[in-house]
2 protein chains.
Amino acid sequence: MPRAKSSVTIADVAREAGVSTATVSRVINENAPVSAATAMRVRAAIERLNYRPSAAARGLASRRTHLIGLLAEEISAPFFAPILRGIEKGAREAGLGLLIHCTQGTPAANSGYRRPLGPHNTDGILVFAGGLQEEELVYLTSLEFPVVLLHRSPPDSLDIPAVTVENKRGARELVRHLIEVHGYRRIAFLRGPEGHEDSYWREQGYREALAAADIPIEPQLLAYGGFDQKIAQQAVTAWLEQGVKPDAIFAGDDEAATGTIMALQAAGLRVPEDVAVVGFDDVYLAHPLMPPLTTVHVPIEAVGREGVRELVRLIAGGEPEPLTLLPTELVIRRSCGCQEEA
Amino acid sequence: MPRAKSSVTIADVAREAGVSTATVSRVINENAPVSAATAMRVRAAIERLNYRPSAAARGLASRRTHLIGLLAEEISAPFFAPILRGIEKGAREAGLGLLIHCTQGTPAANSGYRRPLGPHNTDGILVFAGGLQEEELVYLTSLEFPVVLLHRSPPDSLDIPAVTVENKRGARELVRHLIEVHGYRRIAFLRGPEGHEDSYWREQGYREALAAADIPIEPQLLAYGGFDQKIAQQAVTAWLEQGVKPDAIFAGDDEAATGTIMALQAAGLRVPEDVAVVGFDDVYLAHPLMPPLTTVHVPIEAVGREGVRELVRLIAGGEPEPLTLLPTELVIRRSCGCQEEA
DNA sequence: TTGAAAGCGCTAACAT
DNA sequence: ATGTTAGCGCTTTCAA
């Protein structure tokens, strides 16, 4: 019969088992020697009373919440789900709870003493991209509070560990493939959002690949795609209307690649016969009705997992790993002009 | 200058402001009268010291964590992201933190005194579909602990508030459209996973619509689609190989509709000219390269939002609303045979 | 290996 | 309107 309402405390268990509360605590936390017989009695008492330790009391006494936080700007598929899955899995395996909070462009709420996530309620936090302003990062660092950045590098002079992916290398290989295998020379690039690091490095990779092939950058082949299907569609449509017709379009990400393909198809152009299109992220391959897209695989879930791993290390007082750069991988399908194998 | 490491406590603030800790507490919680002048001094002291109340101490003393939990089986796009967004938004607006945990088929971890979510660390929880075993629901209910079910109805004899959508009505209207507007009579249905409530009610809606039109159920037109693209594809392929060719296929959900369309196209059949296809959920409309799918819109994000609203009501001691049934809405596009308007 | 007891930082009576 | 103080339920020295 479960006891109703008023909760069972460690003192109840201690009484039931005929030991002190300290001993019960030791059995629960397994952090001090307890004789097998005693432990058994305690566990039986816990079971019998259906005792569950109060997280608040534990946290107050031990100064450990066993919680980690995730701060993001917004919950947006398709990128958010896999990274969250990685984080949740990592947290679960480390025996930590996961507290999540989105800023949703409400940085105002994140001020004063009402902070959503921080030392007052977690043992450490994960910050996804722009989930936290630099000022607060500075503050948390001064407290030596564990923070790990995801898909974002630390502000200058702050050495906060970051986990991200090889955007530049992935983009470079992708564009190199277009040049070397297909002989394309007029390769357009659709930029992602301003200030978005993934976007920045992908552009660098694009530039490096062109430079390596001695192909000059044509400014008119650079446009804003915003990592967004609609924006990319408009950008490509605008090109077409101006008579700009590249050999290939590197859309910046898969979302933009979708918009690119739509714009091309709407103009009666075939992909890849008339214009090749490549994306980045490899999140839409799941969608079978899209022309098989050549893209760069990004290990999104792994970023979450590695982020937790690093955070756990910091919490344990271990040496920080300044930068974890996860590998990206070229995924050749059909939209670049290759014949996909069956 | 922020103080490093050792955290600022309410006593520090009280001293700095020249008041008692009780007064500081009153200012923070705004739950008792404090003179404007005093409040100002306290706030200034809080600001100066960069004080942030310890969640653990607050929780221990007040027996409120200001946290709600979300329990799910797994984090799977595309359904999870919107519902999470609704929940997170609701929690944020209510000033509550959100703790999430997935069971991932590890019910074992959810036993003994190491429960991920419950009265020991939250003020109430949201259970998405099969996120929690019946036994634990019974236990939590006996404690009068606030629980709200999402996309799942309570076990017999347990009156736990639930929030879900009008699956039956949506399916009925959808099939009625196929019958009345298009005159289809051989309408196939692809079932979702066994024990999945959405699936169950959609089938009921399908049956009701057929019954209302005096069309007998043809057992061979019922198959298992598993709310899964691959499984649906196989099921439809199997039909085709057996020479079963329905007028229309209600795929159970959009995911299965995708597989259905693939199977049809692979067999050289056109949608909707040769076979009409309809889905449910309206999650893929975002994907522009798919033939515009006639489906039923499910307000996924609203389920999350309403779930939080109900949970907040329970936590505040309000009257429970046993069942919140959110409306679904028929979305006519092209895959049923209609001419979509521009 | 075990127990006693002093906090952890806050809230909520109860006084005044 | 404000202060005093007794806990909240645990962990963690310190002793034994």
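All chains are named by letter (A, B, ...) in the order of the sequence lines, taking the proteins before the strands, and each is independently numbered beginning at 1.
Separating the CZ atom of A:Arg64 from the P atom of C:dC8 is a distance of 19 Å, rounded to the nearest angstrom. Between A:His66 atom NE2 and D:dC10 atom P the separation is 13 Å, expressed in whole Å. Spacing between atom CG of A:Asn121 and atom P of C:dC10 amounts to 13 Å, rounded to whole angstrom units. Distance, B:Met40 CE to D:dA1 P: 15 Å, rounded to whole Å.
For residues 29-37 of chain B, proximity to DNA chain C is found at B:Asn29, B:Asn31, defined as any non-hydrogen atom under 4.0 angstrom from a strand atom.
Remark: A:Arg64 engages A:Ser62, A:His66, A:Asp123, A:Ile315 in a side chain to side chain contact (heavy atoms under 4.5 Å, CB included) (not counting sequence neighbours). The side-chain hydrogen bond (donor to acceptor under 3.5 Å, both in side chains) search around B:Thr164 returns none, not counting sequence neighbours. Looking at residues two or more places apart in sequence or on another chain, you find no side chain to side chain contact (heavy atoms under 4.5 Å, CB included) involving B:Asp159.
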Assess whether ring-ring contact (aromatic ring centres under 6.0 Å, His included) is satisfied between A:His151 and A:Phe79, documenting all intermediate values.
CA-CA 11 Å; A:His151 278 269; A:Phe79 218 84; 5.3 Å; yes
Dump the pairs, protein N or O against N or O of nucleotides 3-5 of chain D, anything under 3.5 Å, distances to one decimal.
| from | atom 1 | to | atom 2 | distance (Å) |
| --- | --- | --- | --- | --- |
| D:dG3 | OP2 | B:Ser20 | N | 2.8 |
| D:dG3 | OP2 | B:Ser20 | OG | 3.2 |
| D:dG3 | OP2 | B:Thr23 | OG1 | 2.8 |
| D:dG3 | N7 | B:Arg26 | NH1 | 3.1 |
| D:dG3 | N7 | B:Arg26 | NH2 | 3.4 |
| D:dG3 | O6 | B:Arg26 | NH2 | 2.3 |

Within the sub-3.5 Å range, which N or O atoms of nucleotides 7-9 of chain D have a protein N or O partner, and how far apart are they?
| from | atom 1 | to | atom 2 | distance (Å) |
| --- | --- | --- | --- | --- |
| D:dC8 | O3' | B:Arg63 | NH2 | 3.1 |
| D:dC8 | O2 | B:Ala61 | N | 3.3 |
| D:dG9 | OP1 | B:Arg63 | NH2 | 2.4 |
| D:dG9 | N2 | A:Ala57 | O | 3.4 |

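Remark: B:Glu321 does not engage B:Arg313 in a salt bridge, criterion side-chain N to carboxylate O under 4.0 Å.
Side-chain atoms of A:Arg52 and B:Asn121 form no donor-acceptor pair, as typed in the model, at a separation below 3.5 Å. For the 3.5 Å distance criterion, the side chains of A:Ser153 and A:Glu197 qualify, holding a donor opposite an acceptor.
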